[in-house]
Every structure is written in C-alpha cells, then in structure tokens.
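All chains are named by letter (A, B, ...) in the order of the sequence lines, taking the proteins before the strands, and each is independently numbered beginning at 1.
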2 protein chains.
Amino acid sequence: MSTPTRPGKVGIREVAVAAGVSQGSVSHYLNHPDRVSADKARRIQDAIDQLGFVRNNAGRQLRLGQSSTIAYLVPDVSNPFFASLAEGVEVAAARAGLAVFIANSNRDRAREDSYLELFQEHGVRGMLVASPNPIEDRLAAIRARGIPSVLVGQRASTPEQPSVSIDDVSGGYLAARHLIEAGCRRLAFVGGPLRIRQVADRLQGASAAIREEPGVTLEIIDVSSRIIAEGHEVAEAIVDRDPAARPDGVFAVNDLLAIGMVQTLVARGVRVPDELALVGYDDIEYAGSSIVPLTSVRPPHEEFGEAALDLLLAVSSDTEPPESTQLVFPPELVVRASTRR
Amino acid sequence: MSTPTRPGKVGIREVAVAAGVSQGSVSHYLNHPDRVSADKARRIQDAIDQLGFVRNNAGRQLRLGQSSTIAYLVPDVSNPFFASLAEGVEVAAARAGLAVFIANSNRDRAREDSYLELFQEHGVRGMLVASPNPIEDRLAAIRARGIPSVLVGQRASTPEQPSVSIDDVSGGYLAARHLIEAGCRRLAFVGGPLRIRQVADRLQGASAAIREEPGVTLEIIDVSSRIIAEGHEVAEAIVDRDPAARPDGVFAVNDLLAIGMVQTLVARGVRVPDELALVGYDDIEYAGSSIVPLTSVRPPHEEFGEAALDLLLAVSSDTEPPESTQLVFPPELVVRASTRR
DNA sequence: CTGAAAGCGCTAACAG
DNA sequence: CTGTTAGCGCTTTCAG
C-alpha cells in the first residue's frame, strides 16, 4: 500500500485517502486554497470535517522552520499593568496574524530562564519581555540565534536591543514635584530593590525634584517586593512611628504598594491626603477606585503593548529596521484625591 | 560526508561533530544523561555551551508525539480573578514539570475558537478553560481527539467533562441573604447576560433568598459586560433615578462591576452602605481596597488553580480516573464596609 | 556504552 | 491543476 491509513491517527494522509486525493493536494488546499480545484477543495474540506483533522504543528513547524506565535513574558500576571499591556499586544498581534502566548515568571529568575529557553525551543517568532531583572545579556544571546525581542518597561542599555519604555526619571520627578507643590516637606520614597532599573530611575527623578527645593527631605524606605501586602507592612511601620517622625508625602514606586498603603493608613486612622499625601505609579485601573482614589503616574497602556508588538514586527522584518528601536513614552500625572488637599 | 555541518544552524548534528561523537549520543545525553560516559558527557556539554545549542522542539515533539506544555485559556487576563488562579495553576504545573501557556480570548468567541484550535495543533498535554460561553461541545470534540481539559469556573453539565467550580447558586444565596439581613428591602441584581451560566446561577441563588423573605423585592439590572466601566454606567443610571426608586441593596455579579459602581456612587454622593449596600463576587485583591471596601463572595483562588491542574493531571494519567471529576468548592462571604451599616 | 538509521507529519519544489 | 518525493531535527530502536 502506498498510503496506508493508520486507525486512530488523523493526519494529512488520512484526509487524502478519505477525499481520494493525494497528500500534496491536501497540503496545497491547507496552504494555498486557491490552487486547488473547487471540486477537490470541497471533498477535502468534507473529509477534514468528517475526520476531525487538526494539522500537526510540530510537523508543520519543523518543515517551515518557523512558527507564528510570539511570546510575552510577564513578571507578574496579577499586576494589572501587565494585563492591560497584554490587551494591546494581542490586538496588534491579531492584526499581524500571530498568536500570543503569555508566560508568567513570577519575578523568578529561574522561571524566567526556563521560559526563555522554552520559547527558543518552540521557535517563537519573537518575544516581548518585561522583567525586573537584568536580562539584556540573555536577550542578546537569543538574538544572536535569530530570535528578536523587545524589552518592555525598561529602556535597553545597548543600542542593539529594541525596547519600549516610559521615561521613569521624569515620572519620578513628576511625582515628587507634585507632592512638593501639594505642600509636603518630608517626603518618603517607598520602593526597592534599588538594583531594579525602573526603581532606581524613579528614585533618581524624585531626588532631582527634591534637590530643587531646599528644606524638603527625602527618606528612602526600601522594600523587597512591590505588591499590595508589602504596602500594608510599610504603612504599618509608618503609623507605628511618632507622628512627628512620619513623612507627610509618600511616592510609592508602583500602584500596588500605594494601594496597600492607603488601605492600611485609612484603617489605622491616618487621614489621606491631609496627614499624608500619596502618589503611585502605573495608573492601573484600580488606582482610581481605591479607598482614597490614588494620584498616579500614568504610562500609556494598550498603546504601549501595541507599540511593543509593532516594534517587534518591524525589527524582525527583512526591510530596513526602523529609525529608532528604543521607544520612550512620556508619562503623565493623573491627580486624584490622595494628593488633593 | 555523512554528517555535514551547516553553518549558521546549530542542531544536534553540529553538536555531535563538535564533540566528536555521534548524533545518537548527543540525544542520549540530552534525554538519559546517565547512559552516557562521563567523558563524552563533558565533551558534549562543552560543545553545547560553545555552540549555544538549543534543542528544537518541533523535531522533538514530532518524534515524541506529545509536548509538555499545558494551556490555560482565560476570558480576560485583566480580571484579577483569573490572574490569581494562574498563580495556582503554575505552581502545580511546575511541580509536574510542565510549562503553562496562557492565552487571552478577551471573551471573544472567535478568539476562543482559534486558540483552542491552536492548542490542538500544538499538541498541548491538556487545557484549562475558563469561558463565559457554552463551550462543552467543543471540549468534548477535543477530548475525543485525545486532549483532556478541565472547565474552570463553571460546573460541567456532562459527566465526562471534568470541571472545577464553585457553587454559584449558594454564592448568590449568601450574597442576597446577607443584604436582607443588613436591612435591605429593595434589592437589585446587577449582571448579565443571563445566558452565561455563572450569571444565571448566581441570580438563581439570590432569587431563592428573596423568596424566603416576603416583602423584599428583586430588580434585575441586565448588563452586557462585566467590567468596571459598565459598573460606572449602571451606577449613573441608578443615581439618576428618583431616590425613592433606587434599590437599597445591590448584588453585583462580579467585583469589577461592584468596584465601578462604588466609585460612581461615592462620587455622586450616595452613601454606601447607608443609602445603598453593595455585595460583589470573586473577592479579588482590590475588593478590600476599594473606596468603600467591598463585601464579596469569595471562591478559593490559588487552591482553585492548583485543584484545576491537579485534576487535569489526574484525568490524563493512565491510572484509574479519580472518584469525582467535577470539583465544586463552597463559596464564603467576606463582609466589609460596603454592607456594614 | 556507542553509532547507524528509520521515521514522526508536514510543505514545497518539481514533474507530469 | 495534481501527484510524488525529499527532507526539516529529533528520538529511539537495534546492532555492535
């Protein structure tokens, strides 16, 4: 027999037999439907429906040498900021006929590595990577193997690495400046670890604003993670201080921390913003609906995700690479009740 | 030449040449490291590092006939409820040596379908599916092709379909009962469309509670999507009514709606809970830090995700399938300020 | 312990 | 327009 049908397995071969055509025609039908006669097309489609044929991606990809999925690696799926980026990424990907697989590293170095490895093994078309860790070396190595990537949320330090980020230094400046203008004199920066680029940049911007204003002090409250629970702890510690020793304005390095803080501050009877004004960062959807609506530094969200994917597409196309491969968006300050005295 | 080295491409073949061993030995080293002599193992590893070899998943999977990734299809990545499930899913997956790819259908039927198709093409080991749509038929067809799945967040209606869900009827009952006990007499259920199983079940539970209490009425306010923005709209409409015509207790079918509602109610000067008490559903992390902290019906989160993955593993193993393949967790009511009069 | 070789399912180049 | 066929990279028998 030249084309035996194996029971149980439904491949292109079984479809061909059922439709009474050759394997090649089925493949043609699948990939260039217009190059097959209407009659055979119908018979093939019928056979496909009948048999419930699903084309095997492994075979296809092995043959083609590339897939049509792109990967989006996120440090924390439960941070709404990354979720809202994902929306934009998917919109742009759909437009380009690509599917997006999201993977969650949970900020864990080892898991980041293993997903990065996995993506390569899977031959993804490209990757979008958001990470609190220094990861450019790894991305450079991956790029050398032909897989392009865009660093998301952090400006790349080498010109070869495309990135999409916001200007965190000016975001930090905006936040601190605003607190000063609201009358705060003893500021605190809540965030860490400082080795994280975004954290350091935001602090740097805040420091610059403080330096412009003699008499205003900046205390740094270092935290190891940037989640709601950590905000609770920091706020507890602040409330436990002698009232005179408390900061009167806090710039939290992200909204999760800020939300946690407001929650505890309010619960412990500290008046926000009167006794303590608070600015967050990212302007996640929940910032505006916090116990005390949160003033926050707002990066673009969906546009940001779209920009990242478009950039990835641009750098991976054969055409001339785009003018600039390091997009930096300006942040905006969204003022809400947490700083409105 | 029997093993030519193609420049640029680094495959198992190139590694073999560089290490001076055969292709088969490299593969052995990769898959059964203990079956290779220490000397060759070292040489092979050196060659791998040197060349930056990454094994090609397409070839591997084609040969093996299966992959070691599982898929998690989510209707909305930006809903923190699904994000918190993801954490649990990944924990359990990591334990089993599996990687999780998350895909976002954005509640869109067509996108759901195309991801489901894609997962099959990719030969995932199994899928976890959360969907507001009726999707069991599709999953049954996929199961027939050998890919197991677990329906998440919705009890399956056929015994063959494994599922992990909470008892939404009793969740709805809990919510409405609580509002009644808080003194509410004109309740409103905010949610929709009613063809969504979870929505219908929650309403059914609420109705049961109302029937127990003569004199209490239940108004149904139908919405088409269950997001924060929709909550804003519903609240606007309620505030625009004559005060006497407003409900005094609202059960929102999820926290997103409830959060949007509180935000608008407070902004428009309606006192929550005094004029209007509010209960949400899902107990997402932000419910507790809402402008008025939200009473909510709480399903398990991480445990839920873990349970789903464990169930998937259990049904896909060759061993006897577990006693019960339809896990239903009981919900709890978490009482916060939004109903505390 | 090691190597040679077959073949997983598919696509595209080529011949008819 | 249709069929035949050669691999894509890998794993795994099976011999040695």
Side-chain angles (χ1 to χ4, degrees), chain A residues 1-44 47-48 51-68 120-123 145-146, chain B residues 1-44 47-48 51-68 120-123 145-146:
Chain A
M1 223 47 129
S2 64
T3 49
T5 299
R6 297 128 328 141
K9 308 219 123 204
V10 180
I12 216 175
R13 240 190 337 281
E14 283 67 30
V15 173
V17 171
V21 302
S22 78
Q23 224 177 108
S25 294
V26 177
S27 179
H28 271 146
Y29 171 71
L30 257 21
N31 300 292
H32 313 279
D34 43 327
R35 307 231 170 132
V36 120
S37 71
D39 171 49
K40 298 221 154 155
R42 212 183 23 67
R43 271 157 53 208
I44 294 173
I48 287 176
L51 272 44
F53 165 75
V54 176
R55 81 135 100 48
N56 175 323
N57 177 71
R60 173 189 177 75
Q61 192 176 323
L62 181 55
R63 180 63 227 231
L64 292 180
Q66 66 159 343
S67 77
S68 61
Q120 290 183 76
E121 294 184 359
H122 279 249
R145 271 172 227 132
Chain B
M1 217 58 120
S2 64
T3 49
T5 299
R6 296 128 328 143
K9 308 218 124 204
V10 180
I12 215 174
R13 217 153 44 247
E14 284 66 31
V15 173
V17 171
V21 301
S22 79
Q23 224 180 109
S25 295
V26 177
S27 180
H28 273 145
Y29 171 71
L30 258 20
N31 300 291
H32 313 279
D34 44 325
R35 306 228 171 135
V36 120
S37 70
D39 170 51
K40 296 221 157 157
R42 211 182 27 66
R43 272 160 51 209
I44 294 173
I48 288 176
L51 272 45
F53 164 75
V54 176
R55 86 134 89 58
N56 175 324
N57 178 70
R60 173 189 177 74
Q61 193 176 324
L62 181 54
R63 181 62 228 232
L64 293 179
Q66 67 158 346
S67 76
S68 60
Q120 291 182 77
E121 293 183 0
H122 279 250
R145 272 171 226 132

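Counting only heavy atoms from C-beta on, B:Arg60 has its side chain closest to D:dT11 among D:dT11, D:dT2, C:dC10. The A:Asn31 side chain lies nearest to C:dT11 when the options are C:dT11, C:dT2, D:dG9. The nucleotide whose nearest atom lies closest to any side-chain atom of B:Gln23 is, among D:dG3, C:dC10, D:dT11, D:dT11. Among the nucleotides D:dT11, C:dG9, D:dG3, the one closest to the side chain of A:His28 is D:dG3. For B:Leu62, the listed nucleotide lying nearest its side chain is C:dC8; candidates were C:dC8, C:dA12, D:dC10. Closest to the side chain of A:Lys9, from the set D:dC8, D:dG3, C:dG9, is C:dG9. Relative to the side chain of B:Leu64, the nucleotides D:dC8, D:dT11, D:dT2 differ in distance, and D:dT11 lies closest. In this structure, of C:dG3, D:dC1, D:dG3, it is D:dG3 that holds the atom nearest to the side chain of A:Ser22.
Between the CZ atom of B:Arg35 and the P atom of D:dT11 there is a distance of 14 Å, rounded to whole Å. A straight line from CZ of B:Arg43 to C1' of C:dC1 spans 13 Å, rounded to a whole angstrom. Between the CD atom of A:Gln66 and the C1' atom of C:dC10 there is a distance of 15 Å, rounded to whole Å. Here the P atom of nucleotide C:dT2 and the CD1 atom of B:Ile44 are 8 Å apart, to the nearest Å. When rounded to the nearest whole Å, the span between CZ of B:Arg63 and P of D:dC10 equals 13 Å. If you take CG of A:Leu30 and C1' of C:dA12, they are 14 Å apart, rounded to a whole angstrom. One interatomic measurement links the two molecules: CG of B:Asn56 to C1' of D:dG7, which rounds to 14 Å at whole-angstrom precision. Here the P atom of nucleotide C:dT11 and the CD atom of A:Gln61 are 12 Å apart, to the nearest Å.
Under 4.0 angstrom from either OP1 or OP2 of C:dA12 there lies at least one side-chain N or O belonging to A:His32. Proximity of B:Ser25 to the phosphate of C:dT2: no side-chain N or O atom is located under 4.0 Å from OP1 or OP2. Here A:Lys40 does not reach the OP1 or OP2 of D:dC1: none of its side-chain N or O atoms lies under 4.0 Å away.
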| request: Go through the steps to decide whether B:Arg43 and B:Val21 satisfy the test side chain to side chain contact (heavy atoms under 4.5 Å, CB included), and finish with yes or no. | output: CA-CA 9 Å; B:Arg43 272 160 51 209; B:Val21 301; 3.9 Å; yes
| message | What verdict does the side chain to side chain contact (heavy atoms under 4.5 Å, CB included) test give for A:Leu62 and B:Arg63, after you've listed the backbone C-alpha separation in whole Å, the side-chain angles of each residue and the deciding distance to 0.1 Å? | response | CA-CA 11 Å; A:Leu62 181 55; B:Arg63 181 62 228 232; over 6 Å; no
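In terms of modelled atom types and a separation under 3.5 Å, the side chain of B:Glu14 and the main chain of B:Gly11 share a donor-acceptor contact. Side-chain atoms of B:Arg145 come within 3.5 Å of backbone atoms of A:Gly52 as a donor-acceptor pair (strictly under, hydrogens ignored).
Residue contacts shown for B:Gly24 include a base, since a base heavy atom lies under 4.0 Å away. A:Tyr29 comes within 4.0 angstrom of nothing in the nucleic acid, heavy atoms only. Among the heavy atoms of the strands lying under 4.0 Å from A:Ser37 are primed sugar atoms or P, OP1, OP2 only; no base atom is included.
Two residues, A:Asn57 and B:Val21, neighbour DNA chain C, and the one matched to the more 5' nucleotide by heavy-atom proximity is B:Val21.
When all heavy atoms are compared, the tightest approach of A:Ile12 to A:Phe53 is N-CE1, 3.5 Å. Heavy atoms only, all atoms of each residue included: B:Gln23 and B:Arg13 are closest at NE2-CD, 3.5 Å.
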